[in-house]
Student: 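Handing you this structure, nothing more for now.
Numbering of ligands and ligand atoms starts at 1, following listing order.
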Amino acid sequence: MIKKDSVVTLGYILKKGNGEELDRSNAAEPLAYLHGHGQIVPGLEKVLGGLAVGDKKEVTVTPQEGYGEVIPKLKMKASRDKFPADANIEAGMQVTANMEGDKQTHFTVQGVEGDEVILDGNHPLAGETLHFSVEVIEVRQATAEELQHGHAHGAGGHHH
Ligand code: ZN
């Protein structure tokens with residue numbers, strides 16, 4: 001049964017609220033995570049507790065319990081001269097900036113308009129209601145090393 005400090009291997013299909021499929025696991029690439037350590041979105045983690053191998057579940061996750069709401073102030077423009085002159089700035093690039101309070105925020109470049117770069121610091125799935133179809137494939141107790149690292153090792157987990 002899944003409880004805190006279980007290493008859980010999941011099969012899953014992830015869809016947006018409009019039914020568009022975003023991601024699915026396959027047998028070669030299962031997802032393994034350490035339960036109770038915030039490795040997966042809170043709305044999914046909370047319903048997996050207590051499930052056992054072979055259990056299947058349909059889970060709807062609101063933005064608040066998923067990747068958060070869209071924060072308008074994280075959509076911004078920055079002057080092109082804030083970036084290295086030789087950098088090839090293009091849509092889809094990831095950049096990191098220090099926001100107020102020295103908080104590091106990751107931005108995705110949306111495009112370049114004249115001498116301004118359009119940036120979005122929201123998670124690509126912010127504001128989305130998500131639907132997960134999950135199947136529990138394996139549950140085991142975490143090793144001492146996994147607990148120390150705060151993530152699962154092995155197939156579908158973290159590789160060092
Ligand atoms: Zn590790």
Side-chain angles (χ1 to χ4, degrees), residues 1-17 20-71 73-75 83-84 87-110 119-160:
M1 200 179 77
I2 299 174
K3 57 186 191 323
K4 188 169 192 299
D5 301 341
S6 294
V7 170
V8 183
T9 304
L10 289 179
Y12 67 93
I13 300 170
L14 170 59
K15 291 179 178 172
K16 276 202 219 180
E20 182 193 334
E21 185 172 312
L22 292 168
D23 194 17
R24 69 163 67 210
S25 61
N26 61 55
E29 292 176 73
L31 167 74
Y33 78 96
L34 181 59
H35 190 79
H37 292 255
Q39 276 206 277
I40 59 175
V41 294
L44 180 59
E45 186 164 56
K46 76 173 186 186
V47 299
L48 293 176
L51 297 188
V53 172
D55 283 351
K56 294 179 181 180
K57 196 111 181 166
E58 301 289 324
V59 187
T60 299
V61 175
T62 61
Q64 294 90 329
E65 293 189 309
Y67 291 98
E69 300 285 3
V70 173
I71 301 167
K73 74 168 186 177
L74 290 179
K75 292 175 186 274
F83 297 87
N88 182 25
I89 307 290
E90 56 186 13
M93 254 181 87
Q94 301 282 332
V95 296
T96 303
N98 286 316
M99 300 287 284
E100 307 129 45
D102 275 346
K103 192 169 165 273
Q104 284 227 315
T105 305
H106 300 282
F107 290 88
T108 305
V109 174
Q110 304 295 304
L119 298 168
D120 190 348
N122 291 287
H123 188 281
L125 293 178
E128 297 281 356
T129 296
L130 304 172
H131 296 285
F132 290 90
S133 303
V134 296
E135 178 175 3
V136 181
I137 295 170
E138 192 190 329
V139 181
R140 64 171 169 84
Q141 178 62 40
T143 64
E145 190 185 46
E146 286 172 323
L147 290 174
Q148 199 183 358
H149 290 192
H151 55 227
H153 290 164
H158 217 269
H159 299 279
H160 294 284

Student: Among the N, O or S atoms of H149, which one sits nearest to the Zn ion (ligand 1)?
Tutor: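 Of the nitrogen, oxygen and sulfur atoms in H149, the Zn ion (ligand 1) lies nearest to ND1.
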Student: Quick one: CD on Q94 to CG on L119, what's the gap to the nearest 0.5 Å?
Tutor: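 Answer rounded to 0.5 Å: 10.5 Å.
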Student: Over all heavy atoms of both residues, which pair between L34 and E146 is shortest? Give the atoms and the distance, please.
Tutor: CD2-O, 3.7 Å
Student: In Å and rounded to the nearest 0.5 Å, what is the CZ to OG distance from R140 to S6?
Tutor: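 Separation between the atoms: 10.0 Å.
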Student: Taking the Zn ion (ligand 1) as the vertex, what is the angle from NE2 of H160 to NE2 of H153, given to 10 degrees?
Tutor: 100°
Student: Report the relative orientation of the aromatic rings in H160 and H158; use parallel for angles under 30°, tilted for 30 to 60°, perpendicular for over 60°.
Tutor: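 Tilted, since the angle between the ring planes falls between 30° and 60°.
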Student: Which of the N/O/S atoms in H151 sits closest to the Zn ion (ligand 1)?
Tutor: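 Of the nitrogen, oxygen and sulfur atoms in H151, the Zn ion (ligand 1) lies nearest to NE2.
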